[in-house]
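What follows is a single structure, written as structure tokens, with notes after it.
Chain naming here is simple, since letters A, B, ... match the order of the sequence lines and numbering starts at 1 in each.
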Number of protein chains: 2
Amino acid sequence: MEEYAVIFNQYLNHKGLKLTKPRRCILDTVFSMHTHFNAEELYDKIRGKTSSISLATVYRTIPLLLDAGLVQRALRSEGRERYEHIFGHPKHIHWLCRNCGDLMETDLNTLYPILEKQAQDLKFKPESIELNVKGLCWKCIPIENEKQSDEK
Amino acid sequence: MEEYAVIFNQYLNHKGLKLTKPRRCILDTVFSMHTHFNAEELYDKIRGKTSSISLATVYRTIPLLLDAGLVQRALRSEGRERYEHIFGHPKHIHWLCRNCGDLMETDLNTLYPILEKQAQDLKFKPESIELNVKGLCWKCIPIENEKQSDEK
DNA sequence: TGTAATGTTGTGAATGATTTTCAATACAAA
DNA sequence: TTTGTATTGAAAATCATTCACAACATTACA
Ligand SMILES: [Mn+2]
Ligand SMILES: [Mn+2]
Ligand SMILES: [Zn+2]
Ligand SMILES: [Zn+2]
């Protein structure tokens, strides 16, 4: 069994729940995708497989995956929650271009010491961190500049 | 005219729009509130005043305030977007307790040098930053510990 | 072995925040 | 005044997410 499945199984047992076939299928699909996804995209991906699972079950399973620490919320977009699996992934910063929608990621580790210091001062026990920067990517900066000079 | 109103007015002119009475009222209400708010809370606050404004107009005005740089999205909660005015406010980190819902804020300035370095490397032009930490506040850490020992 | 208890699922309906539609208004320029 | 454009409130529509519920599956245990 894959390590993520072991973790999910342990989590479920701990909660008195079981790693059923639908849950297993959703779990595997989540770890087969290496991009951010929303509930519907996850559902669509599963539909292609032999076993078909209802959208409601997908929605029901996501909170379990979050709670188990295997998945985290990513940048919400177009009115939908987006997620990404995080097992084995280093935490990262999201850089979203407001013009073309491109998403870049960079390391968050360098910020840890400062954040931990602040957490200590607050006596806060962090469990998840979300750092999103919105702006313009290198491709869109010149485009925006043109617009501005047009307006003049 | 208050400085925030000057800024909003300039922004609207730039877009070929006008600072109407409803917009002015919404703007003032936003700057009279010093907590995070959602669309409905803002609407409720306005209802108390002499001039009554429709919820649709509130929803229509919020994106303008965001775009003008006077308001930013804060931590989304309970399925609703939350906002806060930012004119004259230093950017800050949000620390949300997943148990009691308490929200704390700390300074973001100390993280700037590192973020700017990364932005340079990406050739990214940041326009807004959102840093949210979820976990347990000092009041709830002991409560959570009790739960865990109960379970054993 | 049968049966109760409990958790799980798919289906379809409900919920509710946000957006859209549309007819009426405001207001400024011609 | 006439005309054009932006703005508004009210009501309806949208649509992601949750809920209700009946049918199943699996285990506990008499
Ligand atoms: Mn990511
Ligand atoms: Mn804040
Ligand atoms: Zn871009
Ligand atoms: Zn707390």
Side-chain angles (χ1 to χ4, degrees), chain A residues 5 8-30 36-68 71-83, chain B residues 5 8-30 36-68 71-83:
Chain A
F8 196 37
N9 195 28
Q10 280 172 354
Y11 165 81
L12 291 169
N13 283 340
H14 176 72
K15 290 259 169 183
L17 306 174
K18 285 166 223 150
L19 184 52
T20 60
K21 205 184 284 188
R23 284 179 183 147
R24 181 64 211 249
C25 176
I26 291 166
L27 176 71
D28 286 336
T29 310
V30 161
H36 296 184
F37 59 89
N38 60 39
E40 189 108 30
E41 285 164 0
L42 176 53
Y43 175 63
D44 286 343
K45 187 91 180 226
I46 289 167
R47 275 165 114 190
K49 303 189 177 180
T50 44
S51 64
S52 186
I53 289 164
S54 80
L55 185 54
T57 300
V58 170
Y59 271 108
R60 281 190 281 239
T61 306
I62 289 172
L64 299 176
L65 292 167
L66 289 173
D67 199 28
V71 166
Q72 73 178 187
R73 291 190 27 172
L75 251 176
R76 182 183 168 85
S77 84
E78 289 161 351
R80 293 157 171 238
E81 298 291 341
R82 315 203 105 237
Y83 306 90
Chain B
F8 196 37
N9 195 29
Q10 280 173 353
Y11 165 81
L12 291 169
N13 284 339
H14 177 74
K15 290 259 168 182
L17 307 174
K18 287 165 222 151
L19 184 51
T20 60
K21 205 184 283 184
R23 282 179 185 148
R24 180 65 211 247
C25 175
I26 291 165
L27 176 72
D28 286 336
T29 310
V30 162
H36 298 183
F37 59 88
N38 60 37
E40 189 109 31
E41 285 162 1
L42 177 53
Y43 175 63
D44 286 342
K45 188 93 179 224
I46 289 167
R47 275 167 115 189
K49 303 189 176 180
T50 44
S51 63
S52 186
I53 289 164
S54 80
L55 184 55
T57 299
V58 170
Y59 271 108
R60 280 190 281 240
T61 305
I62 289 172
L64 299 175
L65 293 167
L66 289 173
D67 200 28
V71 166
Q72 75 178 187
R73 292 189 26 172
L75 251 177
R76 182 183 168 85
S77 81
E78 288 161 354
R80 296 161 167 232
E81 298 292 340
R82 315 203 105 238
Y83 307 92

[X] and [Y]: which non-hydrogen atoms are nearest, and at how many Å?
{"X": "A/Arg82", "Y": "A/Leu75", "result": "CG-O, 3.1 Å"}
{"X": "B/Cys25", "Y": "B/Ile46", "result": "SG-CG2, 4.0 Å"}
{"X": "A/Ala5", "Y": "A/Leu19", "result": "O-CD2, 4.2 Å"}
{"X": "A/Tyr43", "Y": "A/Ile53", "result": "CE1-O, 2.9 Å"}

Provide, to the nearest angstrom, the distance between the [atom1] atom belonging to [X] and the [atom2] atom belonging to [N].
{"X": "B/Leu17", "N": "C/dC27", "atom1": "CG", "atom2": "P", "answer": "16 Å"}
{"X": "A/Tyr43", "N": "C/dT9", "atom1": "OH", "atom2": "P", "answer": "14 Å"}
{"X": "A/Glu78", "N": "D/dA16", "atom1": "CD", "atom2": "C1'", "answer": "13 Å"}
{"X": "A/Ile53", "N": "D/dA25", "atom1": "CD1", "atom2": "C1'", "answer": "16 Å"}
{"X": "A/Leu55", "N": "D/dC19", "atom1": "CG", "atom2": "P", "answer": "14 Å"}
{"X": "B/Leu64", "N": "D/dT8", "atom1": "CG", "atom2": "P", "answer": "9 Å"}
{"X": "A/Leu19", "N": "D/dT27", "atom1": "CG", "atom2": "P", "answer": "13 Å"}
{"X": "A/Lys21", "N": "C/dG10", "atom1": "NZ", "atom2": "C1'", "answer": "15 Å"}

Establish, with yes or no, whether the OP1 or OP2 oxygen of [N] is under 4.0 angstrom from a side-chain nitrogen or oxygen of [X].
{"X": "B/Arg23", "N": "D/dT7", "answer": "yes"}
{"X": "B/Thr20", "N": "D/dT8", "answer": "yes"}
{"X": "A/Tyr59", "N": "D/dT17", "answer": "yes"}

Notebook entry, point to check: Of the nucleotides C/dT9, D/dC19, C/dA17, which one has an atom closest to the side chain of B/Glu40?
Noted result: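 Minimum distance to the B/Glu40 side chain belongs to C/dA17.
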
Check: What's the closest nucleotide to the B/Arg80 side chain, out of C/dA17, C/dT9, D/dT8?
Finding: C/dA17

Next item on the list: Sequence neighbours left out, what passes salt bridge (charged side-chain N to carboxylate O under 4.0 Å, His left out) with A/Arg76? Give chain and number order.
Entry: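 Listed in chain order: A/Glu81, B/Glu81.
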
Notebook entry, point to check: Looking for any heavy atom pair under 4.0 Å, which part of the strands does A/Ser52 touch: base, sugar-phosphate only, or nothing?
Noted result: sugar-phosphate

